[in-house]
Amino acid sequence: MSVDVKSSLREYGFVSARIMPENSKEEFLREAILDFAREDAPIDVFSKEFGEVEMTEQQVYICSINMDVDYQAGVGYDRQEPYLDVETYYEKEPYTDYEVYYENGHRYQRPVTKYRKVEKQRQVTKYRTVTDWSVASGSRNVKTTEYATNGYNMDGQSFIKSFTSMDSSNEVVVLEGEEAAGIVLEQYALDTVCDSIRNAAIDSIAYSLSCDHSRDINYVTTGINEIDANIYVIPQYTVSVEYGGETYEKRDYVFGDAAVAGDSIENTESLESAKEKIREEAAKKRKAVEDAVPKKEKTGMAGMGTLTLLVLAASILISIFIRSRVLVLGGLVAAIVFFILGRKKAKAVKKKVEKETDDLISEINRDMRDKVDNYSAHYRAKVLEAVNAKLASLGLDEADAEELFGEDEDDEY
């Protein structure tokens, strides 16, 4: 016999209670200002007038449930299946060619064996992953706690952080009489929580299945062991500031750890954008240095290539027009010597140019890091000064660099 969760929750009802403020308006306002700073809002926003901190109340429906379910699911197990495929490979294939050589001033040809790369194909055995599916069924106990706003927009992540970090000694007042009677469970809240319970149950079942994959999970609730449902009236602080003709708002629930939510102000002159300009400038300089490498190597080898070619040409002319083995051999040796010297000089030039290039790039990177560090330090000092001036004008405790920017202020380069 199945049990309908939504009907059970509706029948159970709820307890209504109010969470009393744990944090002051001053603490919230200070944290809202710091939140703007941490988001790198324009510095001049801290010279603007912030509005009065207002407190509004919202409602949140929170339900914990312990239930038993019977489920059925498709379970998949992977296996490796062999199959034949055709792959392309290359082999070196010999062939006969002819080369020209000179002897005693005469031109001759002789056969030589050379090799060329030939594309071939062959059958190979490969493997693919195949999933075998079957149906599994069973029973499982599911415990979960879900929540939904009861008729108001809610900053979900901010609420969760505040609710889970709320001081255990913080006062929660159960509402009675007319105040309690005025609180009604909205259909949206009930539907949302029921959907979340269903998703949590499916996730719990999927987690319990010992298979590689699962799908088509269905279940029926066979019994509900426990329900704890409450509608909390929760206070929230709000403050706004006008900037650039727009209104920007920060919000925070007034219990637990400060978890400010709300609007961010775009900063066209942010710290990150300034750092990016410095990086782009350094990248252009590095590219210019790298692009200059071939020209430097060519300049370093100027004359050597021409001289080697002249010596080689002279050797060939001597072999053709002068019948002297000594001169021919001398010319050939000279050409070989100049070729070897040219190769050595090319390596030396390349090594020298590479070192000069590395040194220049290292200097560009050092300069970039120095500029980023200096700009960041100056920028953060201006932000801290502007923030503390605003805090002081409101009679709030000033912040230090660690609180505002965190323990690690290192920049990414």
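Along the sequence shown, the residues carry numbers beginning at 1.
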Please name all residues satisfying ring pair (Phe, Tyr, Trp, His ring centres under 6.0 Å) with Y147, sequence neighbours left out, ordered by chain then number. F159
Would you say the rings of Y232 and F163 are close, in the sense that their centroids are separated by under 6.0 Å? yes
Please determine, by modelled atom types, if S7 and D4 share a side-chain donor-acceptor pair under 3.5 angstrom. yes
Indicate yes or no: at least one non-hydrogen side-chain atom of S64 is less than 4.5 angstrom from one of T144. no
Heavy atoms, side chains only, cut-off 4.5 Å: are D78 and V130 in contact? no
Using the salt bridge (Lys or Arg N to Asp or Glu O under 4.0 Å) criterion, which residues pair with D367? Sequence neighbours excluded. K371
Does the side chain of E39 come under 3.5 Å of the side chain of S264 through a donor N or O and an acceptor N or O? yes
Is there side-chain contact between V3 and S8, with heavy atoms separated by less than 4.5 Å? yes
Quick one, Q58 and Y253 - any side-chain contact, counting heavy atoms below 4.5 Å? yes
Do we see a donor-acceptor contact under 3.5 Å between the side chains of S204 and R140? yes
V69 vs S139 side-chain heavy atoms within contact, under 4.5 Å: no
State, without any angle test, whether D68 and Y219 hold a side-chain donor-acceptor pair at a distance under 3.5 Å. no
Tell me whether K250 forms a cation-pi arrangement with F36, defined as NZ or CZ under 6.0 Å from the six-membered ring centre and within 45 degrees of its axis. yes
Centroid-centroid distance, Y237 to F28, less than 6.0 Å: yes
Do N150 and Q59 have side-chain N/O donor and acceptor atoms under 3.5 Å apart? yes
Is any side-chain N of the basic residue among E242 and K48 closer than 4.0 Å to the acidic one's carboxylate O? no
Using a strict threshold of under 4.0 Å (side-chain N to carboxylate O), is an ion pair present between K285 and E281? yes
Closer than 3.5 angstrom, by distance alone: can the side chain of N66 be matched with the main-chain N or O of I224 as a donor-acceptor pair? no
Lys/Arg-Asp/Glu bridge criterion (N-O < 4.0 Å) met for R366, E363: no
Lys/Arg-Asp/Glu bridge criterion (N-O < 4.0 Å) met for D359, K355: yes
Quick test of your reading of the model: are R380 and E385 salt-bridged, counting only N-O distances below 4.0 Å? no
Assess whether atom OH of Y98 is packed by more than 12 heavy atoms of other residues, nucleotides or ligands within 6.0 Å. no
Roughly how far, to the nearest 0.5 Å, is CG of L29 from CG of D252? 11.5 Å
Determine, for F405 and R38, whether the Lys NZ or Arg CZ falls below 6.0 Å from the six-membered ring centre while staying within 45 degrees of the axis. no
Should T131 and D212 count as side-chain neighbours, where that means a heavy-atom distance under 4.5 Å? no
Taking only Lys NZ, Arg NE, NH1 and NH2, and the carboxylate oxygens of Asp or Glu, determine whether R279 and E276 approach each other closer than 4.0 Å. yes
Lys/Arg N to Asp/Glu carboxylate O, R251 vs E249, below 4.0 Å: yes
For D216 and N218, test the side chains for any donor-to-acceptor distance below 3.5 angstrom and give the result as yes or no. no
Report yes if some heavy atom in the side chain of I33 is under 4.5 Å from a heavy atom in the side chain of L391; otherwise report no. yes
Distance-only donor-acceptor hits, side chain of residues 111-120, under 3.5 Å, sequence neighbours excluded:
unit_1, atom_1, unit_2, atom_2, d
K114, NZ, D97, OD2, 3.4
E119, OE1, Y90, OH, 3.3
K120, NZ, E91, OE1, 2.9

